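A quick note: this is a predicted structure, and the numbers were derived from the prediction, not measured. Just so it is clear, the values below take in all heavy atoms, side chains as well, and ignore hydrogens, waters and symmetry mates.
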Amino acid sequence: MIISMLGGLGLFLYGMKLMSDGIEKVAGSKMKTILEWCTKNRLIGVIVGAVFTAIIQSSSAATVMVVSFVNSGLMNLMQAVGVIMGANIGTTITAQIVAFKLDSIAPLFVITGVVMIMFVKKEIVNKIGEIVLGFGTLFLGMSLMKGSMANIKDSVTIMNLIESLRNPIIAILVGLIITTILQSSSASVGILVTMSQSGLVELPMCFYVILGCNIGACTSAVLVGLTGKKNAKRAALIHLLFNIIGSIIMLVILLPFHDIVAEWMLKLNSDPGRAVANTHTIFKIFQVIILFPFAGWIVKLTELLVRGEDEKTDEYELKYISLNKSVSPAVAVLEVTNEIKRMGEIANYNLERAMYALMNNDKKVISEVLDREHEIDYLSRKITDFLVSINQMFPINESRNIAGYYHVVNDIERIGDHAENIAEFAQTKINDGIVFSEKGTEELNHMFDVMNQQIKLSLDSGCLYGEKRRTLKRNYGSGE
């Protein structure tokens with residue numbers, strides 16, 4: 001019985017992972033567009049967070065991604081709080097899917113997914129096949145778990161253990177521990193759906209297990225936040241506080257009325273599994289409605305709990321690339337693109353200063369240009385190392401662009417070298433008393449203006465968000 005239960009759990013978790021990974025690979029760069037919508041306002045952030053998490057089937061993955069965005073400076077805390085709240089709603093979709101009794105047709109999804117992966121050569125079909133296979137594997141795992149649970153009632157020891165869930169605090173702790181171990185509230189609530197359908201856990205106690213699952217879902221984001229910058233820690237803390245405060249509110253409401261709530265939920269749907277899934281969704285929506293007006297206060301509370309600013313540990317630093325090994329492909333693309341753009345802006349500014357030094361014989365600016373060149377070399381080296389480390393994790397839509405990223409970094413580094421050469425020539429000009437003619441100065445300035453405009457246009461065309469890209473599309477068309 002235990003072996004069957006563990007085997008079913010393994011298939012269930014693997015099916016969820018296949019679905020999540022397959023969707024993320026197919027979505028690819030679309031995640032960048034989704035992120036742009038999060039910058040509009042907090043309410044849109046909630047909607048985007050809910051839809052995004054419903055698609056990738058994991059609030060843990062979504063919140064880890066948000067923490068990475070905040071750590072990289074791609075998103076601020078006020079934008080993050082809305083997405084985190086929405087992610088908590090989106091994660092309930094998995095339980096709703098699990099509540100459907102699709103065990104009998106799960107093998108059809110499995111064979112369809114296998115055919116799409118093994119016998120079709122198109123990559124996009126292979127990735128969609130992973131999603132279909134994951135969906136089927138998930139329900140096969142559920143079927144195996146249900147079969148093993150049918151015999152659990154014959155075990156006095158296990159039934160006594162389940163009986164202990166009549167204590168709300170113990171039920172919350174059980175939900176917290178299981179979700180922390182599985183790293184997924186979707187998985188733990190899915191198991192709870194299966195157990196309730198088998199008649200092992202009464203609906204009122206399922207409520208308290210769900211509250212524990214909500215808190216345990218924060219583990220992944222907290223672990224990522226611990227290794228990040230101060231704002232990353234605050235973003236992880238927002239997720240934790242939202243779930244703790246929301247669970248406390250629900251606990252206060254449920255303690256005197258859980259039997260009434262259970263009766264009401266069963267009237268909506270007599271299937272206990274569906275009642276658990278509906279309860280999970282209603283709890284999350286209710287928590288968001290209650291806490292949404294206080295989102296600003298939650299952000300301020302995290303700033304009080306995590307005080308101060310980050311200390312610089314290096315003379316130079318990466319602003320967007322987090323170097324987090326668990327970063328997803330979508331986050332990696334965002335991070336590296338913004339870091340390259342930042343490197344380009346620094347190199348272009350250095351070029352402007354070098355030209356100023358050349359035209360005005362300014363020794364102080366020459367020294368400034370030569371010093372800044374070290375930072376450009378540092379960024380070139382670090383970005384290239386990062387590109388090498390993520391080369392194998394790029395999704396379909398991004399993998400063909402990886403070579404382009406290398407070329408762009410090299411080209412920007414060459415701009416920095418040219419700035420250094422101009423600064424050195426400026427020093428020679430001062431030492432040798434060289435004087436440019438008025439016509440020569442005019443032509444040099446004109447040439448530099450044209451070149452400077454071209455560099456800025458190239459950098460703006462690579463920016464991910466904001467009015468700059470929309471303006472470029474209006475002025476120059478939608479071509480890359």
Give a yes or no on whether a salt bridge exists between Glu130 and Lys127, defined as a side-chain N under 4.0 angstrom from a carboxylate O. yes

Side chain proximity check, Leu140 to Phe109, heavy atoms < 4.5 angstrom: no

Is a side-chain N or O of Thr91 found less than 3.5 angstrom from the main chain of Ala87, in a donor-acceptor match? no

Taking every non-hydrogen atom, the tightest pair across Val193 and Ser196: O-OG, 2.8 Å

Output for pair (Asn88 CG, Ile285 CD1), nearest 0.5 Å, gives 11.5 Å

Side chains of Tyr208 and Leu251: does their closest heavy-atom pair fall under 4.5 Å? yes

Distance from Leu318 atom CG to Met343 atom CE, nearest 0.5 Å? 11.0 Å

State, yes or no, whether a side-chain contact exists between Ile253 and Phe286 at a heavy-atom distance under 4.5 Å. yes

Per the side chain to side chain donor-acceptor pair (under 3.5 Å) rule, what does the pair list look like for residues 272-283, sequence neighbours excluded? Thr92-Thr281, Gln96-Arg274, Gln96-Asn278, Gln96-Thr281

Should the pair Glu339-Arg342 be classified as a salt bridge under the 4.0 Å nitrogen-to-oxygen rule? yes

Rounded distance [0.5 Å steps], CD1 in Ile210 versus CD1 in Ile172: 11.5 Å

Are the side chains of Pro168 and Leu255 in contact, using a 4.5 Å heavy-atom criterion? yes

At what distance, to the nearest 0.5 angstrom, does CZ of Phe294 lie from CD1 of Ile298? 9.0 Å

Go through Ile249 and Leu291 one step at a time and tell me if the side chain to side chain contact (heavy atoms under 4.5 Å, CB included) criterion holds. CA-CA 10 Å; Ile249 292 171; Leu291 294 176; 4.2 Å; yes

Please round to the nearest 0.5 Å and tell me the distance separating atom CD1 of Ile89 and atom CD of Gln287. 9.5 Å

Mind checking side chain to side chain contact (heavy atoms under 4.5 Å, CB included) for Ile3 and listing every partner two or more places apart, or none if nothing turns up? none

So, for Leu203 and Ala275, which heavy atoms are closest and what is the spacing to 0.1 Å? CD2-CB, 3.9 Å

Show, in sequence, the C-alpha distance, side-chain angles and deciding distance for Leu133 and Ile117, and conclude whether the side chain to side chain contact (heavy atoms under 4.5 Å, CB included) test is met. CA-CA 9 Å; Leu133 176 59; Ile117 293 170; 3.9 Å; yes

Can you name the closest pair of heavy atoms from Met116 and Val125 and give their distance? CE-O, 3.7 Å

Taking atom types as modelled, is there a side-chain donor on Lys121 or Asn126 under 3.5 Å from an acceptor on the other? no

Whether Arg234 side chain and Val306 backbone form a donor-acceptor pair below 3.5 Å: yes

Search all heavy atoms of Ile383 against all heavy atoms of Ile340 and return the closest pair with its distance. CG2-CG1, 3.9 Å

Quick check: do Leu11 and Leu138 have side-chain heavy atoms less than 4.5 Å from each other? no

Heavy-atom closest pair, residues Phe292 and Val46: CE1-CG2, 3.6 Å

Is there a side-chain contact between Thr337 and Tyr405 (heavy atoms, below 4.5 Å)? yes

So does Tyr14 have more than 12 non-hydrogen atoms from other groups sitting under 6.0 Å from OH? no

Residue pair Leu77 / Glu303, side-chain heavy-atom distance below 4.5 Å: yes

Please test Ile191 against Met195 for side chain to side chain contact (heavy atoms under 4.5 Å, CB included), starting from the C-alpha separation and ending with a verdict. CA-CA 6 Å; Ile191 293 169; Met195 293 182 73; 4.1 Å; yes

Beyond-backbone contact of Val81 with Ile84, side-chain heavy atoms, under 4.5 angstrom: no

Closest approach of Val299 and Met78, non-hydrogen atoms and distance? CG2-SD, 3.6 Å

Leu176 backbone acceptor or donor facing Thr179 side chain under 3.5 Å: no

Distance, nearest 0.5 Å, that separates CZ of Phe257 from CH2 of Trp264: 14.0 Å

